[in-house]
Every structure is written in structure tokens, then in C-alpha cells.
K.L.:
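Before I ask anything, let me first share the structure, which is written out below as C-alpha cells.
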Amino acid sequence: MFDNRSFDPAVAITDQDAGTDALFLQPEVPAALVFNGKSHAVMMTSPYDLEDFVTGFCLSEGIINDMSQIRIQDVRATLRGYVIEAELDEDCVDALSDRQRTLEGRSGCGLCGVQSLEAIPAEAPRKVTPGNMPQNVVLAAIDDLPNYQSRNKAGGGLLHASAFADASGNILLAREDIGRHNALDKVLGAIARQNIDPVGGFILMTSRCSYEIVTKTVQCGIGGLVTLSGPTLTAVNLARQAGLTLICRERRGLFRRFA
């Protein structure tokens, strides 16, 4: 197991003349994903929980179906960023080619580098069992989420958070990243790597709900999604197709069940 926690390049900046407290700036670094010796993508990410990230990325992109199909070989820091090397089963090669990205993957956009329009899903990738998420359960998880955002607090509120809560609203794990898609991939990877049964639980995101947030959640078989900002029309349509229970905060601050 690789320990990425020892590398924390957050930079503290102080205004000594003004006597202000230190402000920690969060790092955003390139991470090269190398599968079976071939470079697949370069993603801008926060350099934490990278084993979870690559695992969740492969699962949510439909490159692999379960943990038995991936073996992480190395996660290392270089002068220019990180390199994450993994071996995939041979029967995953076709799926890998279908999702090949040749450009730099921006932290805020999940489409950068996709080679063709055919790579963008027009329909939900699968059906899921809708989550049973009463209001008190959802609000309990939302209230507890700030307790899992330690890096966000230290770094001036720049990081997105993604969490997984059980059917009672207890947060089982959470991950932070400069990119909302990356934060979600890290949580999805952590669920798989820790062998947590996702049935009955739901994903909680601090971001808006884009189509790709829905797609990634559904691809990993999770039936509930809550976001702290509004959804797009495409996201709602995909959620309804898949049977995903989707709850998002409206501009007025209220939460609405959209699917």
C-alpha cells in the first residue's frame, strides 16, 4: 500500500507587515494515469488519496467492473507531478480504448480530451435501486459533512468534498479534491477498496450536480445522490432514466427531490 499522506505541498503565505494569519494555498498538480505501461490521461488533482482516485476513476468510467481487475503498481511523485501506474486485466483493454483521453484532463471538466462525441453517454449506463432517503437522514449527513473537510477549512474553502453515507445518514468516509469529479472518484474508489456495501447508502457532494456526477454514481451501483447546489436538466434526465434518487439544493436554499 502506498502512503500519499506524507506529501502535502500546501503553501503557507503570510503578510508579515500586516501581521495576518497564514493562508494555506491548496496544491493542484498533474497526475498521469498509466495503465498496462501506456499513458491514458493526465488529470489535474489534489495529491491526496491517489490510490482511491485511480480505482474510482476506472470503476466510474466503466473501464473495470470490480477490484479484481486492477492492480496498482506504483504511485510516485516527480518534479512535474505524480505518476500512477496500474495493471488492468486484458479483458479491460477494449473499455480502456473506448474511454481514451489524449489531452490534459482539467479538474473542473470531465469531457476534456474525450476523443469523440460517441464517448459521451446519451443514456444512463445502468439501472440502480432508488435510495430511500427521508429528509432527516439527508439533513443529518449534510450537517455532519463539514467535520470531514479538514483540508478545505485550512485552505480557504477551495476544495470540493464527496462523502458516502449509509441508510441512516452516517458518513462512512469522505474525500476532498480541487475537482468535483476527482473528489467523487476518490470516494467511489475508497468504497471499493474498503469493501463497503453501497446498497442503501448515498453520495453527498458539495458541488453542483452535472451529468457526469450522475453517470459516475450510477455506474458504481449507488442509488442515491445529494448535492449542495442545483442540477442540470441533463443530470435530472439521466437520474430518472437510471432510477437514481436525486436531491439537490435550489437557489432559495431549499432541497428538492428531482428524481
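Basis for what follows: all heavy atoms, side chains included, without hydrogens, waters or symmetry-related copies.
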K.L.:
Would you please name every residue forming a salt bridge (charged side-chain N to carboxylate O under 4.0 Å, His left out) with R71, sequence neighbours left out?
P.N.:
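With neighbours one apart ignored, the set is D89.
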
K.L.:
Nearest 0.5 Å, what's the CZ-OG distance between R180 and S210?
P.N.:
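Reported to 0.5 Å precision, the distance equals 4.5 Å.
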
K.L.:
Looking only at heavy atoms, which two atoms of C58 and I70 are closest? And how far apart?
P.N.:
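That closest heavy-atom pairing would be SG-CD1, 4.0 Å.
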
K.L.:
Is the backbone of E85 close enough, under 3.5 Å, to the side chain of D74 for a donor and an acceptor to pair up by distance?
P.N.:
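Between the backbone of E85 and the side chain of D74 there is no qualifying donor-acceptor contact (under 3.5 Å).
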
K.L.:
Taking the side chain as every heavy atom from C-beta outward, state whether R257 and L246 have any atom pair closer than 4.5 Å.
P.N.:
no

K.L.:
Crowded around D91 CG? As in, over 12 foreign heavy atoms under 6.0 Å?
P.N.:
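Yes - once you tally the heavy atoms of other residues, nucleotides and ligands closer than 6.0 Å, there are more than 12.
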
K.L.:
Looking only at atom types and distance, does a side-chain atom of D52 sit under 3.5 Å from a main-chain N or O of D185, one as donor and one as acceptor?
P.N.:
no

K.L.:
I would like to know whether L233 and N237 meet side chain to side chain contact (heavy atoms under 4.5 Å, CB included); could you show each step before the answer?
P.N.:
CA-CA 6 Å; L233 177 60; N237 287 338; 3.8 Å; yes

K.L.:
According to a 4.5 Å side-chain heavy-atom criterion applied to Ile, Leu, Val, Met, Phe, Trp and Tyr, with indirect links allowed, do L159 and V226 form part of one hydrophobic cluster?
P.N.:
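L159 does not cluster with V226.
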
K.L.:
Do H181 and F57 pass the side chain to side chain contact (heavy atoms under 4.5 Å, CB included) test, and can you show the C-alpha distance, the side-chain angles, and the key distance before you say yes or no?
P.N.:
CA-CA 9 Å; H181 305 106; F57 177 87; over 6 Å; no

K.L.:
Ignoring hydrogens and angles, tell me if any N or O in the side chain of T206 forms a donor-acceptor pair with the backbone of A161 under 3.5 Å.
P.N.:
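Yes, the answer is positive, given that a donor and an acceptor are paired below the 3.5 Å cut-off.
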
K.L.:
Minimum heavy-atom separation for F255 to T227, with atom names?
P.N.:
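Looks like CE2-O, 3.8 Å.
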
K.L.:
Nearest heavy-atom pair of L188 and L59: which atoms, and what distance?
P.N.:
O-CD1, 4.3 Å

K.L.:
May I ask you to decide if P47's main-chain N or O and T45's side chain share a donor-acceptor pair within less than 3.5 Å?
P.N.:
no

K.L.:
Measuring from N36:CG to C92:SG, what's the distance to the nearest 0.5 Å?
P.N.:
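Answer for the CG-SG pair, N36 versus C92, is 8.5 Å.
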
K.L.:
Would you indicate whether the side-chain heavy atoms of M67 and T55 approach each other to under 4.5 Å?
P.N.:
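Yes - at least one pair of side-chain heavy atoms lies under 4.5 Å apart.
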
K.L.:
Test: side chain to side chain donor-acceptor pair (under 3.5 Å). Region: residues 138-149. Which pairs qualify, not counting sequence neighbours?
P.N.:
D144-N147

K.L.:
Which distance, rounded to the nearest 0.5 Å, do you find between the CG of L33 and the CG of L50?
P.N.:
9.5 Å

K.L.:
With E250, which residues qualify under salt bridge (charged side-chain N to carboxylate O under 4.0 Å, His left out), at least two apart?
P.N.:
R252, R256

K.L.:
Keeping the roles fixed (side chain from T245, backbone from G131), state whether a donor-acceptor pair exists under 3.5 Å.
P.N.:
yes

K.L.:
Answer yes or no: is there a donor N or O on one side and an acceptor on the other, between the side chain of D166 and the main chain of G169, under 3.5 Å?
P.N.:
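Yes; at least one donor-acceptor contact below 3.5 Å.
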
K.L.:
Hey, any chance V29 and F53 share a hydrophobic cluster, counting ILVMFWY side chains that come within less than 4.5 Å of each other, even indirectly?
P.N.:
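Yes, V29 and F53 fall within the same hydrophobic cluster.
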
K.L.:
Please determine whether residues I196 and V218 belong to a single hydrophobic cluster, defined as Ile, Leu, Val, Met, Phe, Trp and Tyr linked transitively by side-chain heavy-atom distances below 4.5 Å.
P.N.:
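Result: yes, single cluster for both.
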
K.L.:
Can you measure from SG (C220) to CG (D66) and round to the nearest 0.5 angstrom?
P.N.:
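C220 atom SG to D66 atom CG measures 11.5 Å (nearest 0.5 Å).
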
K.L.:
Nearest 0.5 Å, what's the CZ-OG1 distance between R126 and T215?
P.N.:
12.5 Å

K.L.:
CG of D197 to CG of L172: how many Å apart, nearest 0.5 Å?
P.N.:
10.5 Å

K.L.:
Any donor-acceptor pair under 3.5 Å linking the side chain of R76 with the backbone of V83?
P.N.:
no

K.L.:
Would you kindly confirm whether V236 and I222 end up in one hydrophobic cluster when ILVMFWY residues are joined by side chain heavy atoms under 4.5 Å apart?
P.N.:
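Yes; I222 is reachable from V236 via cluster members.
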
K.L.:
Just do the side chain to side chain contact (heavy atoms under 4.5 Å, CB included) check on V214 and C209 with the steps written out, would you?
P.N.:
CA-CA 7 Å; V214 169; C209 183; 3.6 Å; yes

K.L.:
Check whether more than 12 heavy atoms from other residues, nucleotides or ligands sit under 6.0 Å from atom CG of N170, and answer yes or no.
P.N.:
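It does: N170 CG has more than 12 such atoms within range.
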
K.L.:
Output, in order, the C-alpha distance, side-chain angles, deciding distance and verdict of side chain to side chain contact (heavy atoms under 4.5 Å, CB included) for V54 and I72.
P.N.:
CA-CA 8 Å; V54 68; I72 301 174; 3.7 Å; yes

K.L.:
Taking the side chain from R240 and the backbone from F258, do they hold a donor-acceptor pair closer than 3.5 Å?
P.N.:
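Yes, the answer is positive, given that a donor and an acceptor are paired below the 3.5 Å cut-off.
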
K.L.:
For Q241, does its backbone N or O pair with a side-chain atom of K127 as donor and acceptor, under 3.5 Å?
P.N.:
yes

K.L.:
Would you mind reporting whether M205 and S162 have side-chain heavy atoms less than 4.5 Å apart?
P.N.:
yes

K.L.:
Please give me the minimum heavy-atom distance between I178 and S46, naming the atom from each residue.
P.N.:
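The pair with the smallest heavy-atom distance is N-OG, 2.9 Å.
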
K.L.:
Applying the side chain to side chain contact (heavy atoms under 4.5 Å, CB included) test to L225, which of I247, L204, T217, L184 qualifies?
P.N.:
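Testing L225 for a side chain to side chain contact (heavy atoms under 4.5 Å, CB included) against I247, L204, T217, L184 leaves exactly one candidate, T217.
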
K.L.:
Tell me which one of K186, H160, Q26, R151 satisfies side-chain hydrogen bond (donor to acceptor under 3.5 Å, both in side chains) with D177.
P.N.:
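Of K186, H160, Q26, R151, side-chain hydrogen bond (donor to acceptor under 3.5 Å, both in side chains) with D177 is met by K186 alone.
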
K.L.:
Are L238 and I203 linked, directly or through intermediate hydrophobic residues, by side-chain heavy-atom contacts shorter than 4.5 Å (ILVMFWY only)?
P.N.:
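They do share one cluster, since a chain of ILVMFWY contacts under 4.5 Å joins I203 to L238.
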
K.L.:
For R175 and V187, work out which heavy atoms get closest and say how close.
P.N.:
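Closest approach of R175 to V187: N-CG2, 3.7 Å.
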
K.L.:
Looking only at heavy atoms, what is the nearest atom pair of P30 and V42, with distance?
P.N.:
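Nearest heavy atoms, P30 then V42: CB-CG1, 3.8 Å.
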
